[in-house]
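Here is the naming used below: chain letters follow the sequence lines, and residue numbers restart at 1 for every chain. FYI, side chains are in, hydrogens and waters are out, and symmetry mates aren't considered; it's all heavy atoms of this structure.
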Amino acid sequence: GAGVSQSPSNKVTEKGKDVELRCDPISGHTALYWYRQSLGQGLEFLIYFQGNSAPDKSGLPSDRFSAERTGGSVSTLTIQRTQQEDSAVYLCASSFYPQQGLAQYFGPGTRLTVL
Amino acid sequence: GQQLNQSPQSMFIQEGEDVSMNCTSSSIFNTWLWYKQDPGEGPVLLIALYKAGELTSNGRLTAQFGITRKDSFLNISASIPSDVGIYFCAGYDAYSGAGSYQLTFGKGTKLSVIP
């Protein structure tokens with residue numbers, strides 16, 4: 001079946017502009033995660049959605065970052081007033097906990113470049 | 001917070017050689033996952049481990065959940081050029097109280113295979 005998809009695959013923006021990144025999780029997966037990966041680094045947790053529960057926003061680096069998940073499926077990560085340090089690959093993952101354990105399945109990522 | 005130490009950071013091996021990498025944590029985990037990431041792609045799940053002492057294989061890959069629950073290793077036998085990439089370990093600590101099933105990721109092992 002279809003995996004996690006993300007769009008756009010690449011985004012170049014100017015400092016100060018807002019950007020929206022989209023994630024389509026695997027159909028039926030109840031949990032959705034956003035991560036950030038800087039060049040040559042590991043994955044930094046940003047935010048987690050599980051069903052209808054309130055999201056865990058503990059990883060968001062500043063109030064310029066927000067995310068929503070509509071209808072328990074598609075999610076959008078929004079970065080307002082982008083800064084150069086926001087440049088990174090933003091990865092989305094979904095899982096079907098608990099039925100399939102805690103394994104998360106990742107999308108290809110969106111590479112964000114802030115000029 | 002939780003710490004995951006993954007080693008080695010990088011390795012160069014000859015095609016056909018076996019490879020071993022490991023992760024150790026500062027706390028007890030009840031889930032260990034191993035991912036591979038190719039350039040420009042999202043991490044792909046290789047093996048999931050849910051029980052201390054568990055040994056699981058996926059083709060030429062074998063991973064084990066350490067009996068202390070603080071470590072895991074991944075072995076690749078008879079390496080081939082397509083094994084090149086970055087391998088990440090990830091773990092989940094059920095006792096952290098995070099409540100959001102956050103995975104803690106290692107910083108990755110970059111594998112290069114010399115034909």
Query raised in the report: Residue by residue, which of residues 18-28 of chain A have a heavy atom closer than 4.5 Å to a heavy atom belonging to chain B?
Result: none
Report summary line: So, the part of B:Q6 with a heavy atom under 4.5 Å from chain A: the answer is neither
Requested in this report: Report, as yes or no, whether the 6.0 Å neighbourhood of atom CG on A:L39 holds more than 12 heavy atoms from other residues, nucleotides or ligands.
Outcome: no
Query raised in the report: For A:Q37, is it the side chain, the backbone, both, or neither that has a heavy atom closer than 4.5 Å to a heavy atom of chain B?
Result: side chain
Requested in this report: Decide if the gap between the ring center of B:Y35 and the ring center of B:F88 is smaller than 6.0 angstrom.
Outcome: no
Query raised in the report: Looking at A:A93, A:A31, A:P108, A:C92, which makes the most heavy-atom pairs under 4.5 Å with chain B?
Result: A:P108
Query raised in the report: How are the rings of B:F29 and B:W32 set relative to one another: parallel (under 30°), tilted (30 to 60°) or perpendicular (over 60°)?
Result: tilted
Query raised in the report: Considering residues, nucleotides and ligands other than A:E14, do more than 12 of their heavy atoms fall under 6.0 Å from its CD?
Result: no
Query raised in the report: Using 30° and 60° as the class limits, which term best fits the ring planes of B:F105 and A:F106: parallel, tilted or perpendicular?
Result: perpendicular
Result block: side-chain N/O donor-acceptor pairs under 3.5 angstrom for residues 52-61 of chain B, not counting sequence neighbours:
residue : atom : partner : partner atom : Å
B:E54   : OE1  : B:Y50   : N            : 2.8
B:E54   : OE1  : B:K51   : N            : 3.0
B:E54   : OE2  : B:T56   : OG1          : 3.2
B:S57   : OG   : B:T62   : OG1          : 3.1
B:N58   : ND2  : B:L46   : O            : 3.0
B:R60   : NH1  : B:S77   : O            : 3.0
B:R60   : NH1  : B:A78   : O            : 3.3
B:R60   : NH1  : B:D83   : OD2          : 2.9
B:R60   : NH2  : B:D83   : OD1          : 2.8
B:R60   : NH2  : B:D83   : OD2          : 3.3

**Report entry** Pair A:Q50-A:T30, side-chain hydrogen bond (donor to acceptor under 3.5 Å, both in side chains): steps then yes or no
**Finding:** CA-CA 6 Å; A:Q50 172 67 41; A:T30 54; 3.2 Å; yes
